[in-house]
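Reviewing the structure listed below.
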Protein chains: 2
Amino acid sequence: MSNADKETLDRILIAAESLFADQGYDGTTLRQITRRAKVNLAAVNYHHGDKESLYLEVLRRRIQPINQTRLAMLDEAEQQAGDQPVPLAVLMEILAGPLFELYAGPDENGRHGARLIGRALVEPLPFTETFLAGEFQPWLARFGQALRRHVPALTPEDFLWRFSFVIGALQHALATLHRMKSLTRGICRDNDHNAALPRFVQFATGVFGARP
Amino acid sequence: MSNADKETLDRILIAAESLFADQGYDGTTLRQITRRAKVNLAAVNYHHGDKESLYLEVLRRRIQPINQTRLAMLDEAEQQAGDQPVPLAVLMEILAGPLFELYAGPDENGRHGARLIGRALVEPLPFTETFLAGEFQPWLARFGQALRRHVPALTPEDFLWRFSFVIGALQHALATLHRMKSLTRGICRDNDHNAALPRFVQFATGVFGARP
DNA sequence: GTCTATATCATGATAGAC
DNA sequence: GTCTATCATGATATAGAC
């Protein structure tokens with residue numbers, strides 16, 4: 001693949017990502033994307049097929065590395081723990097860390113990607129369902145097992161409800177990180193991932209910690 | 001207002017509500033709404049002006065009674081508590097109870113309204129911002145004060161982060177209540193508000209309970 | 001591979017008859 | 001108040017020149 005291709009492709013993906021994160025799938029037009037990417041309208045169809053395919057590519061580009069990292073972190077943590085359960089705080093770091101790192105990392109567009117992941121999971125589009133299920137199911141199954149060991153007395157239903165609450169808190173945090181200042185009347189800062197991650201870990205550890 | 005008016009108006013609002021809840025604002029067309037409501041396409045413009053006004057009316061119809069109920073419950077709880085803080089579990093019932101009651105109540109369309117509230121708060125549309133701020137700010141301020149008394153040692157920033165996590169959990173629970181079965185591979189039931197509310201109260205009480 | 005030009009269609013909104 | 005008919009716009013997608 002030539003260099004010019006790569007740049008055009010990347011510009012489209014990056015422009016699409018930030019617009020999808022801000023406005024959602026239906027709220028974003030291909031014209032907005034090509035305008036921001038400074039490419040011709042036809043380029044997106046040529047490179048990515050239709051709008052749905054483009055959206056899935058944007059998602060896949062962010063979700064796959066994150067879930068790979070999570071699996072690798074889980075591997076290492078379980079090896080270190082031996083027969084013992086992986087500590088709760090470590091599990092929650094595995095859950096949230098890669099997302100906040102994407103948000104904060106060297107890739108300045110990562111924060112749009114992280115926000116988009118939160119948004120894509122909240123508002124389901126029909127054509128993303130099987131894709132998202134396939135992307136998350138493998139690592140979520142293993143993560144759930146590891147987490148389950150900390151609360152063996154909970155019924156499966158109780159466990160899943162608690163897990164659902166924690167996932168909701170994480171997605172909400174990701175989706176609002178860029179406007180926390182206005183949401184908190186100036187008390188919290190915008191994009192303050194350094195504040196968010198440890199507080200989330202503490203929060204989530206407490207939820208699954210030793211309580212009735 | 002004549003009876004026929006009211007029925008037409010209501011049919012439009014109810015149809016719009018369920019479609020907005022399923023597909024979001026941008027994903028829903030006026031034609032879908034009028035088709036489901038079995039009214040003419042022009043009726044919605046005649047009665048409600050444009051699409052944005054209709055959306056705001058749909059939201060207002062659900063949000064106003066809920067926040068009024070919350071304020072009344074808070075009044076009563078504070079009167080009962082006297083100088084003492086209102087118990088945490090009571091506060092969380094005030095936060096979540098009216099929403100789950102709308103979801104489960106005698107109005108069979110309430111569940112779409114409850115889901116829409118969750119969705120409207122997650123994915124902000126430019127033209128809803130001032131409306132939503134105005135609707136929630138009055139009661140949220142009082143609720144925050146009451147909740148704050150349980151964790152006076154927390155910094156304002158820590159407090160707001162925890163509150164944000166809890167709000168996110170609540171919104172996520174509301175937004176996914178109708179598809180919990182598929183999300184949990186059959187373990188939780190769909191629309192099981194009787195399972196969700198007490199578990200949320202327990203969860204949220206724990207988050208603000210006596211922990212470091 | 002890239003762009004111009006365009007085909008095709010659906011949308012929100014309205015004018016005007018009844 | 002309600003409906004038919006229609007408008008202007010902007011959407012996705014593609015055909016075909018270069």
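By convention in this document, chain letters (A, B, ...) are assigned in the order of the sequence lines, proteins followed by strands, and residues within each chain are numbered from 1.
Taking the side chain of B:L41 as heavy atoms from C-beta on, and the options C:dA13, C:dT2, C:dT4, the nearest nucleotide is C:dA13. Considering only the side chain of A:D50, D:dA13 comes nearest among C:dG12, D:dA13, D:dT2. Counting only heavy atoms from C-beta on, B:K51 has its side chain closest to C:dG12 among D:dT4, D:dA13, C:dG12.
Whole-Å rounding puts the A:I12 CD1 to C:dG1 P distance at 14 Å. For A:H47 and D:dT14, the NE2 to P distance is 15 Å, given to the nearest whole Å. Across the protein-nucleic acid pair, B:Y25 atom OH and C:dT11 atom C1' stand 12 Å apart, rounded to whole Å. Taking atom OH of B:Y46 as the reference point, atom C1' of C:dG16 lies 14 Å away to the nearest angstrom. Between the CD atom of A:E52 and the P atom of D:dA13 there is a distance of 8 Å, rounded to whole Å. Note: CG (A:L30) to C1' (D:dA13) measures 9 Å, nearest angstrom. Atoms CZ (A:R11) and C1' (C:dT2) sit 12 Å apart, rounded to a whole Å. In this structure, the CG atom of B:D26 is 18 Å from the P atom of C:dA10, given to the nearest Å.
Using cut-offs of 30° and 60° on the angle between ring planes, the pair A:F165 and B:F200 is perpendicular. Between A:F159 and A:F163, the ring planes lie parallel to each other; the angle is under 30°, not in the 30° to 60° tilted range.
In this structure, A:T29 and B:R31 both approach DNA chain D, and ranking their closest nucleotides by distance from the 5' end singles out B:R31.
For the residue pair B:Y25 / A:D26, no side-chain donor-acceptor distance below 3.5 Å is found, with atom types taken as modelled. Residues A:R36 and A:S18 have side chains that bring a donor and an acceptor to within less than 3.5 angstrom of each other. No side-chain donor from either of B:N40 and B:Y46 sits under 3.5 Å from a side-chain acceptor of the other.
For the OP1/OP2 pair of C:dG12 and a distance below 4.0 Å, the side-chain nitrogens and oxygens of B:N45 include no atom meeting the criterion.
The residue A:A42 sits close to a base: some heavy atom pair falls under 4.0 Å. B:T28 comes within 4.0 angstrom of the backbone, heavy atoms only, and of no base.
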